[in-house]
Every structure is written in C-alpha cells, then in structure tokens.
Amino acid sequence: MAHDADKRAEVRALYVFKRLNLKQIASETGVSPGTIRIWKNKGADEGDDWDAARTVASLAGQGFQSITSVILESYLTTHYHVLEQIQSAPPEEIPFLKKAQMLASLADAFTKTMKAAGTAGPELNRLAIAQDIIKRFADFIFSEYPEHTHAFTEILEPFGKIVAREYG
C-alpha cells in the first residue's frame, strides 16, 4: 500500500516527538513497521536522521545543561580512550616523538572543545528552546487536538528544516 508524504510526516512526528516504537506507530497509523524502517533509513540517507532528531527533541525537553553534559561526556569518553591507546602503545608501534605530537594534538582538541562548550552556550540554548517549544506544541496538539495531527505533521517537517537551519 502506497502512503503519501503526510503519512510519512505523521509517522516521523510520532517517532521523534512521542517517542513511540515502530510497532506502536504501525498500530496507530496502519503503516507497517517495515515501511517505517525504510522511511527512517531513507531519511538518514537524505540527512534527516530520525534517531538524532529524537535524541535532540528529548534533550531539548531536559534543558540546555543536559545537552551540554551529553556532548561533553561523549567527547571526554572518547578523549580518555584515545589517551589510553596513545599511552599504552609500544614504542615500536608509535615512536615517542609521534606520541608526543599526538598528545599535543589531543590536548589542543580538549582545549578547543572546552572553549566551544563555553562559548557555544547561547546558540545551543536557542536551539534547545526552539526544539522544546516544538515538542511541547506537538504534545499539546496530539493530546488536545488529535483531529489536527495530520495537518500539524504535514507542516512540521518543512518547518523543522527551517528551525534547524536558523537555530542549528
């Protein structure tokens, strides 16, 4: 059964904002989980990663501090593992001079990341607020005006691209 773009937008909104799983979405919309998975994968191929949007929407609801914490935690975990690999590598694998250069590069990346976390705050905060408002608006429509869900989801996808461009 072929579905139109409105149905796809509705499915995406249920996945991103309502955080429903594929079976729940299939049950609610009549679109098979396989078709939803195809749409999700196609979106990722086209630069619309539903999982990333879902994560950001979730974080937006938790506030700016959560977003910053997740980003920094992810970076610091990677930083720690790379540091361990550099330090534990035998000299025949990575000569001492190369290790020193790698450590300097890693230190530079750390400094830049920490600075960016501090100075990017206003921009990340604007995006988080915009996404939080969209999420709250979606929740409001889904709960208070379910008959308008179709129209909302039709408008949401193109509007989401504008928000991402302006605030992301």
Side-chain angles (χ1 to χ4, degrees), residues 1-82 84-85 109 113-114 116-168:
M1 171 186 220
H3 300 284
D4 60 14
D6 296 338
K7 184 59 78 172
R8 181 177 174 175
E10 176 186 2
V11 165
R12 183 187 184 280
L14 290 171
Y15 185 83
V16 171
F17 296 108
K18 297 288 272 180
R19 302 189 57 80
L20 298 181
N21 65 42
L22 301 186
K23 286 183 182 179
Q24 291 169 320
I25 295 169
S27 174
E28 189 166 319
T29 63
V31 178
S32 75
T35 298
I36 297 170
R37 198 171 291 106
I38 289 168
W39 290 348
K40 192 171 164 280
N41 292 337
K42 184 178 180 195
D45 292 344
E46 296 171 352
D48 179 21
D49 185 333
W50 292 15
D51 290 317
R54 184 182 214 181
T55 300
V56 171
S58 174
L59 288 173
Q62 297 173 24
F64 173 67
Q65 292 297 352
S66 293
I67 294 172
T68 303
S69 294
V70 168
I71 292 169
L72 286 177
E73 180 181 339
S74 175
Y75 170 77
L76 291 173
T77 299
T78 302
H79 182 97
Y80 174 77
H81 289 299
V82 170
E84 270 189 335
Q85 287 178 344
T113 298
M114 298 309 285
T119 58
E123 287 304 310
L124 286 175
N125 195 24
R126 287 180 59 212
L127 177 60
I129 290 169
Q131 290 175 326
D132 182 53
I133 290 169
I134 291 171
K135 180 189 180 309
R136 290 174 191 267
F137 188 46
D139 290 344
F140 176 76
I141 289 172
F142 290 143
S143 66
E144 302 296 322
Y145 298 94
E147 69 275 13
H148 297 299
T149 299
H150 177 74
F152 175 73
T153 56
E154 179 181 351
I155 295 166
L156 182 62
E157 188 170 357
F159 182 68
K161 290 176 184 175
I162 292 170
V163 169
R165 184 177 64 241
E166 296 293 323
Y167 294 92

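Position 1 is the first residue of the sequence, and the numbers go up from there.
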J.: Hey, does Val31 have a side-chain heavy atom less than 4.5 Å from the side chain of Ile25?
T.: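 Ile25 does not reach Val31 side chain to side chain.
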
J.: Out of curiosity, His3 NE2 to Ile36 CD1, how far, rounded to the nearest 0.5 Å?
T.: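 It is 8.5 Å, given to the nearest 0.5 Å.
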
J.: Quick one, Asp51 with Lys40, criterion salt bridge (charged side-chain N to carboxylate O under 4.0 Å, His left out). Give me CA distance, side-chain angles, the key distance, then yes/no.
T.: CA-CA 9 Å; Asp51 290 317; Lys40 192 171 164 280; 2.9 Å; yes

J.: Below 4.5 Å, heavy atoms only, C-beta onward: do Asp48 and Lys42 meet side chain to side chain?
T.: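 No, their side chains stay 4.5 Å or more apart.
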
J.: Can you check whether Trp50 reaches Asn41 side chain to side chain, under 4.5 Å on heavy atoms?
T.: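 Counting from C-beta outward, Trp50 and Asn41 never come under 4.5 Å.
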
J.: Restricting to non-hydrogen atoms, name the atom on Ala26 and the atom on Ser32 that form the minimum distance, rounded to 0.1 Å.
T.: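 Shortest heavy-atom contact: CB-C, 4.3 Å.
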
J.: At their closest point, which heavy atom of Lys7 faces which heavy atom of Thr29, and how far apart are they?
T.: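 Of all heavy-atom pairs spanning Lys7 and Thr29, the closest is NZ-O, 3.3 Å.
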
J.: Only pairs under 3.5 Å count here: list side-chain donor-acceptor contacts from residues 16-23, not counting sequence neighbours, and write none if there are none.
T.:
unit_1 : atom_1 : unit_2 : atom_2 : d
Arg19  : NH1    : Arg54  : O      : 3.3
Asn21  : OD1    : Lys23  : N      : 3.0
Asn21  : OD1    : Gln24  : N      : 2.8

J.: For the residue pair His148 and Tyr145, categorise the inter-ring angle as parallel (less than 30°), tilted (30 to 60°) or perpendicular (more than 60°).
T.: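 The arrangement is tilted - the two ring planes meet at 30° to 60°.
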
